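The next block holds one structure in the form of structure tokens; read it before the comments.
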Amino acid sequence: MLKVFNTLTRQKEVFKSINPNVVNMYVCGPTVYNYIHIGNARSAIAFDTIRRYFEYKGYKVNYVSNFTDVDDKLIKAAKELNITVPEVADRFIEAFKEDTSAINIEPATVNPRATENIPEIIDFIKVLIEKGFAYESVGDVYYRARHFEHYGELSDQNIDELEVGASEHTDPAELEKKEDPIDFALWKAAKPEEISWESPWGAGRPGWHIECSVMSTKYLGDTIDIHGGGQDLEFPHHENEIAQTEAKTGQKFANYWLHNGFVTVGDANEKMSKSLGNFVTVHDIIKTVAPEVLRFFMATTQYRRPIQYTEANLADAANNLKRLETAYNNLNYRLKDAEAGNDPKVDQEVRQIQANFVDAMDDDFNAQNGIAQVYELAKLGNIYAENQRVDQGTIKMILEQLQAMVNVFGIVLKSEELKDDHIEALIQERLDARKNKDFARSDEIREQLKAQGIILEDTPQGTRWRREE
RNA sequence: GGCGGUAUAGCCAAGUGGUAAGGCAGAGGUCUGCAAAACCUUUAUCGUCGGUUCGAAUCCGAUUACCGCCUCCA
């Protein structure tokens with residue numbers, strides 16, 4: 001039985017979707033004014049892994065994730081790059097797609113953009129004004145937070161104890177337009193020259209939170225199963241989304257709220273963020289780190305835990321992944337001489353490991369325990385592959401299960417078909433030399449190939465080779 | 001000031017009452033002509049103090065350190 005940690009209740013709850021076998025989830029996507037950094041990637045990976053596990057369990061997942069394509073930062077970026085806001089957005093949406101594809105994130109069912117939903121946003125705001133939850137003020141529209149009785153429940157905040165300005169990001173001019181400092185903007189009047197849309201309140205653009213409410217309800221309905229995002233979005237972003245949406249629909253917005261932990265960096269263990277400037281972009285890092293290693297590194301840590309981004313940890317991940325690939329290759333190699341049939345005892349062990357894997361992942365997507373089962377399976381496979389006689393059915397079963405499990409983490413194990421006449425000729429020559437106990441020549445050939453990055457491995461089934469990583 | 005999170009071996013990291021999963025790195029071994037890969041063995045009393053209990057990493061209280069959010073942020 002799948003349990004998820006629900007931020008709303010701060011405990012693990014049994015997951016039950018609204019419609020059987022379907023999961024509707026909305027995950028807050030990036031503001032597209034820059035390349036995504038590793039922290040953004042973590043969020044994308046966390047929820048992609050969750051999505052993949054639902055799919056592994058047989059659910060159909062409707063996965064909606066937005067692009068925030070207009071806000072202060074885009075306007076600033078457009079100015080700096082001397083291009084328009086939509087051009088900035090297009091450029092970095094394209095980059096986002098390239099980067100997330102590199103780390104094997106499944107494309108979302110829909111990637112709606114804020115600017116493509118302006119009429120819906122305006123209609124949504126109108127309803128909030130009609131219901132008394134919002135008010136216009138000098139061309140801006142604000143949400144009357146105190147009016148929503150559950151305000152603060154997601155993040156356990158008491159309205160009266162919120163310290164205004166604690167984050168040092170408040171705008172004094174904006175405060176003056178609000179009835180109450182905790183109110184937040186639904187619509188912002190355009191400054192001269194700024195990109196804007198016509199509205200009943202004059203030219204302007206949407207506030208940050210409203211787009212998610214609008215697009216989530218538009219594409220997935222008033223009540224969704226899962227709403228996800230980074231922990232930093234818990235307050236105020238998600239709090240505000242709840243306030244807006246529930247005020248409008250009168251329905252519960254999301255049954256389960258899931259929040260992923262941060263990527264921290266450096267000795268201080270600080271959160272990686274664009275504003276701190278301590279970030280590494282995916283665009284850059286995958287030039288030197290294999291994308292699947294980055295993916296493996298992040299996907300195999302439980303999504304709520306912080307991840308410390310260091311070279312050493314990345315190197316560990318690379319070793320771990322290699323171990324799985326080796327096992328996969330070891331098994332594939334034996335497929336050639338395997339005989340028809342199955343080994344019932346081993347098959348049973350595989351099924352047990354699979355069941356353990358499901359148990360682990362059912363516990364709030366406990367990837368560490370999940371991957372531990374994958375290692376168990378790899379070990380079982382390695383041991384089995386050393387048998388003199390192996391059964392084809394069993395080998396295939398282990399291979400399939402390995403692949404299915406790592407697929408949840410967004411990893412695809414590859415078994416390269418190696419073909420090289422020159423190398424094979426040398427291997428043959430070496431075999432002959434060994435037969436004649438000419439070990440000097442034999443070792444010479446191996447050294448020669450090693451210099452070319454080719455590793456030879458002698459097995460009872462013959463000599464095989466691979467490229468050094 | 002309010003709210004929340006984390007603290008387990010050299011490193012990463014499981015583990016919510018019964019005597020510390022797993023991986024990496026290290027050491028020893030098996031296999032090998034030698035290797036490689038694999039496999040086997042081996043490495044901790046759980047931030048600190050106190051309490052509850054037959055028994056606690058796990059519950060309670062206190063304390064320390066670090067991190068995050070409080071309307072920029074995944």
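If you're wondering where the values come from, they're calculated on a predicted model, not measured in any experiment.
- Nucleotides G15(B) and U32(B) are separated by 39 Å at their C1' atoms, to the nearest Å.
- When the C1' atom of C40(B) is taken as reference, atom CG of Leu380(A) falls 16 Å away, rounded to whole Å.
- Contacts between residues 438-450 of chain A and RNA chain B, defined by a heavy-atom separation below 4.0 Å, involve Phe439(A), Ser442(A), Asp443(A), Arg446(A), listed by number.
- Nearest nucleotide to the Thr31(A) side chain, out of A74(B), G4(B), G2(B): A74(B).
- Partners of Arg351(A) according to the salt bridge (Lys or Arg N to Asp or Glu O under 4.0 Å) rule, which considers only residues two or more places apart in sequence or in another chain, do not exist here.
- Of the nucleotides present, G61(B) is the one that pairs with C49(B) by Watson-Crick or G-U wobble criteria, both distances under 3.5 Å.
- Remark: the separation of the P atoms in U43(B) and G28(B) is 16 Å, to the nearest Å.
- Across all strands shown, C31(B) forms no Watson-Crick or G-U wobble pair with both key distances under 3.5 Å.
- Of the possible polar contacts, none joining the Gln302(A) side chain to the Gln368(A) backbone as a donor-acceptor pair under 3.5 Å is found.
- Comparing the P positions of C60(B) and U6(B) gives an interatomic distance of 13 Å, to the nearest angstrom.
- Using a 4.0 Å heavy-atom cutoff across all strands shown, Gly261(A) reaches at least one base atom of the nucleic acid.
- In this structure, Tyr142(A) has its ring center no closer than 6.0 Å to that of Phe184(A).
- C59(B) and G18(B) are spaced 11 Å apart, taking the P atom of each and rounding to whole Å.
- We find that CG of Asp71(A) is positioned 9 Å from C1' of C72(B), with the value rounded to whole Å.
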Please list, for nucleotides 7-13 of chain B, all pairs of protein and nucleotide N/O atoms separated by less than 3.5 Å.
unit_1	atom_1	unit_2	atom_2	d
A13(B)	O2'	Gln368(A)	OE1	3.1

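- Few gaps surround CD on Gln11(A); more than 12 heavy atoms of other groups in view lie less than 6.0 Å from it.
- Residue Asn366(A) places at least one side-chain N or O closer than 4.0 Å to OP1 or OP2 of G15(B).
- Phosphate contact (OP1/OP2 of G22(B), side-chain N/O of Asn369(A), threshold under 4.0 Å): absent.
- Residues satisfying the side chain to side chain contact (heavy atoms under 4.5 Å, CB included) test with Gln428(A), not counting sequence neighbours, are Leu431(A), Asp432(A).
- Put simply, Lys271(A) has a side-chain N or O that comes within less than 4.0 Å of OP1 or OP2 on C69(B).
- Using bins of under 30°, 30° to 60° and over 60° for the plane-to-plane angle, the ring pair Phe357(A)/Tyr53(A) lands in the perpendicular bin.
- When the nucleotides G22(B), C73(B), A74(B) are ranked by their closest atom to the side chain of Trp208(A), C73(B) comes out on top.
- Using a 4.0 Å heavy-atom cutoff across all strands shown, Gly229(A) reaches sugar-phosphate atoms only and no base atom.
- Looking at heavy-atom distances under 4.0 Å, Asn269(A) makes contact with sugar-phosphate atoms alone, never a base.
- Nucleic acid contact for Tyr375(A): sugar-phosphate only, since backbone atoms but no base atoms lie under 4.0 Å from a heavy atom of the residue.
- Whole-Å rounding puts the Ile371(A) CD1 to C24(B) C1' distance at 14 Å.
- Both distances falling under 3.5 Å, in either a Watson-Crick or a G-U wobble arrangement, place G26(B) opposite U42(B).
- As judged by a 4.0 angstrom heavy-atom cut-off over every strand, His259(A) is placed among residues making no nucleic acid contact.
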Nucleotide N/O to protein N/O under 3.5 Å, stretch nucleotides 36-38 of chain B:
unit_1	atom_1	unit_2	atom_2	d
A36(B)	O2'	Glu457(A)	OE2	3.3
A36(B)	O2'	Arg466(A)	NH2	2.8
A38(B)	O3'	Asn382(A)	ND2	3.0
A38(B)	O2'	Glu386(A)	OE2	3.4

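- Under the side chain to side chain contact (heavy atoms under 4.5 Å, CB included) criterion, Lys379(A) pairs with Arg323(A), Ile383(A), sequence neighbours left out.
- Heavy atoms of Val263(A) sit under 4.0 angstrom from at least one base atom.
- Applying the side chain to side chain contact (heavy atoms under 4.5 Å, CB included) rule to Ala189(A) yields the partners Asp140(A); only residues at least two apart in sequence or on another chain are considered.
- The stretch residues 140-149 of chain A has no heavy atom under 4.0 angstrom from RNA chain B at all.
- Residues passing the side chain to side chain contact (heavy atoms under 4.5 Å, CB included) test with Glu444(A), sequence neighbours excluded: Arg441(A).
- Take the nearest nucleotide of RNA chain B for Asp232(A) and for Asn158(A): the residue whose nucleotide is more 5' is Asn158(A).
- The shortest distance between side-chain heavy atoms of Arg146(A) and Asp160(A) falls below 4.5 Å.
- Listed by chain and residue number, nothing satisfies the salt bridge (Lys or Arg N to Asp or Glu O under 4.0 Å) test with Asp343(A) (two or more places apart in sequence, or in another chain).
- For the pair Lys248(A) and Phe124(A), the cation-pi criterion (under 6.0 Å, within 45° of the ring axis) is fulfilled.
- Rounded to whole Å, the separation between the P atoms of G2(B) and G10(B) comes to 36 Å.
- Residues passing the side-chain hydrogen bond (donor to acceptor under 3.5 Å, both in side chains) test with Asn319(A), sequence neighbours excluded: none.
- Position along RNA chain B of the nearest nucleotide to Ile182(A) versus Ala315(A) favours Ala315(A) as the more 5'-ward residue.
- Counting heavy atoms from C-beta outward, Asp156(A) and Phe235(A) have side chains that stay 4.5 Å or more apart.
- With both pairing distances under 3.5 Å, U19(B) is matched to nothing as a Watson-Crick or G-U wobble pair.
- Residues passing the salt bridge (Lys or Arg N to Asp or Glu O under 4.0 Å) test with Arg467(A): none are found, sequence neighbours excluded.
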